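First the structure, in the form of structure tokens, and then the observations on it.
Side chains included, hydrogens not; waters and symmetry mates left out as well; all remaining heavy atoms used. Counting convention: from 1, in listed order, for ligands and their atoms alike. Keep in mind that what you see is a predicted model, and the values were worked out from it rather than measured.
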Amino acid sequence: MKQKVIVYSEMPEDLVENLKQQFDVKYYKNCNAYTDLLPDLEEAEGLIGSGLAVDRNLLDHAPALKIVCNIAVGYNNLDIGELTKRGVMAANTPGVLDDTTADTIFGLLLAAARRFTELDRYVKEGKWKEPVSEAQYGIDVHHKTLGIIGMGRIGSAIAKRAHRGFDMKILYHNRSRHKEAENAFDATYCSLDELLQKSDFICLMTPLTPETRHLIGDREFRLMKKTAVFVNGSRGQTVDEAALIRALENKSILAAGLDVFDEEPVAADNPLLKMENVVTLPHIGSATSETRYAMAKLAAENLTKGLLGECPPSLINREVLQK
Ligand code: 8YV
């Protein structure tokens, strides 16, 4: 009998077909909570998709589960401790989205500095009646200082663009030193406070963990330059959003570029949506056809290998193999 697999997010049809050849696939294109999956959860050995909270509640209903595959690099939706305790493998999709996500984040940075979205509205609303003046000027990006919080794969891809393309000076803060980025992009390691004080642009790229929740709040915004542009490409909860709103209202920073929010989709009455100096995106870091396909393919490979008794290429909790 084929092993039962639940696909809980939309996935390219050819990849679903491949999975169907090997497994008994239950495809839920729209799933908001694990309770939607209850008809199949009891017997499921594999779970693949993005964003579903895989916690104790779900796991209590999934006693046969062997592997959970995120179609995402971030895995704050997975309770890794609980999965490992129960001997369930967890996998994500690192690497394949680095360049695409770095492009998005650098685009946000440029858009916020040069006021692209605000001035796009200005043109479309018929307000462009004469040559632009100081009122429409932005600030330069090239030759400025970029602070990257979280120098992982995506952070490094941002550093590469900034250093090689825009002649920027790179500061970074990370759990550990990143010698490759130091050598390749002349990146300088510094404390979080020093980075916040010295950077013209700040990109927050750290994964969401208990340690990074609300990493940036009132105190941190106060440390930033009044001319700083803050970009969040990690998770909404790494920032105290109320503090960000205060910082923008009090003009203690210049502008922000946000791909992620505390609540997603963002509520229509969120004050950030009314601010001209905030560029907002609907969490599209990795959202290109090519990259989303590559992520789904890697996740499917993780799933297949895991269920066939091989080591998934991007297994997160290697400890389960020792059990
Ligand atoms: C999306 C992401 O969360 O990979 C991640 O961690 O942030 C994004 O790519 C996800 O893949 C789609 O919902």
Proximity winner for atom 9 (O) of ligand 1, if only heavy atoms of Ala296, Gly74, Ser286 are counted: Ser286
Restricting to pairs with a member in residues 154-166, which pass side-chain hydrogen bond (donor to acceptor under 3.5 Å, both in side chains), not counting sequence neighbours? Asp99-Arg161, Asp103-Arg161, Ser156-His178
By number and element, which atoms of ligand 1 are closer than 4.0 Å to a non-hydrogen atom of Ile71? 10 (C), 11 (O)
Looking only at N/O atoms, are Ala72 and ligand 1 under 3.5 Å apart anywhere? no
Please write down residue, atom name and distance for the protein heavy atom closest to atom 4 (O) of ligand 1. Val73 N, 2.7 Å
Please set out all donor-acceptor pairs under 3.5 angstrom arising from side-chain atoms of residues 23-34, sequence neighbours excluded.
| residue | atom | partner | partner atom | Å |
| --- | --- | --- | --- | --- |
| Tyr27 | OH | Met11 | N | 2.9 |
| Tyr27 | OH | Met11 | O | 3.2 |
| Tyr28 | OH | Asp40 | OD2 | 2.5 |

Show which atoms of ligand 1 fall inside a sub-4.0 Å distance from at least one heavy-atom site of Arg235. 2 (C), 3 (O), 5 (C), 6 (O), 7 (O)
Shortest non-hydrogen separation from Leu244 to Ala256 and the atoms involved: CD1-CB, 4.4 Å
If the cut-off is 4.0 Å to any non-hydrogen atom of Met295, which atoms of ligand 1 fall inside it? 4 (O), 9 (O), 11 (O)
Report the nearest protein non-hydrogen atom to atom 12 (C) of ligand 1: residue, atom name, distance rounded to 0.1 Å. Arg292 NH2, 3.5 Å
Quick test of your reading of the model: are Arg213 and Asp240 salt-bridged, counting only N-O distances below 4.0 Å? no
Are any of the N or O atoms of Leu97 closer than 3.5 Å to those of ligand 1? no
Between Leu146 and Ser199, the two heavy atoms sitting closest are C-OG, 4.1 Å
Looking at ligand 1, does Ser50 have a heavy atom less than 4.0 Å from it? yes
Donor-acceptor side-chain pairing of Thr291 and Thr288 below 3.5 angstrom: yes
Ignoring hydrogens, what is the shortest heavy-atom contact between Gly138 and Arg115? Give both atom names and the distance. CA-CD, 4.1 Å
Which residue and heavy atom of the protein sit nearest atom 3 (O) of ligand 1, plus the separation: His283 NE2, 3.4 Å
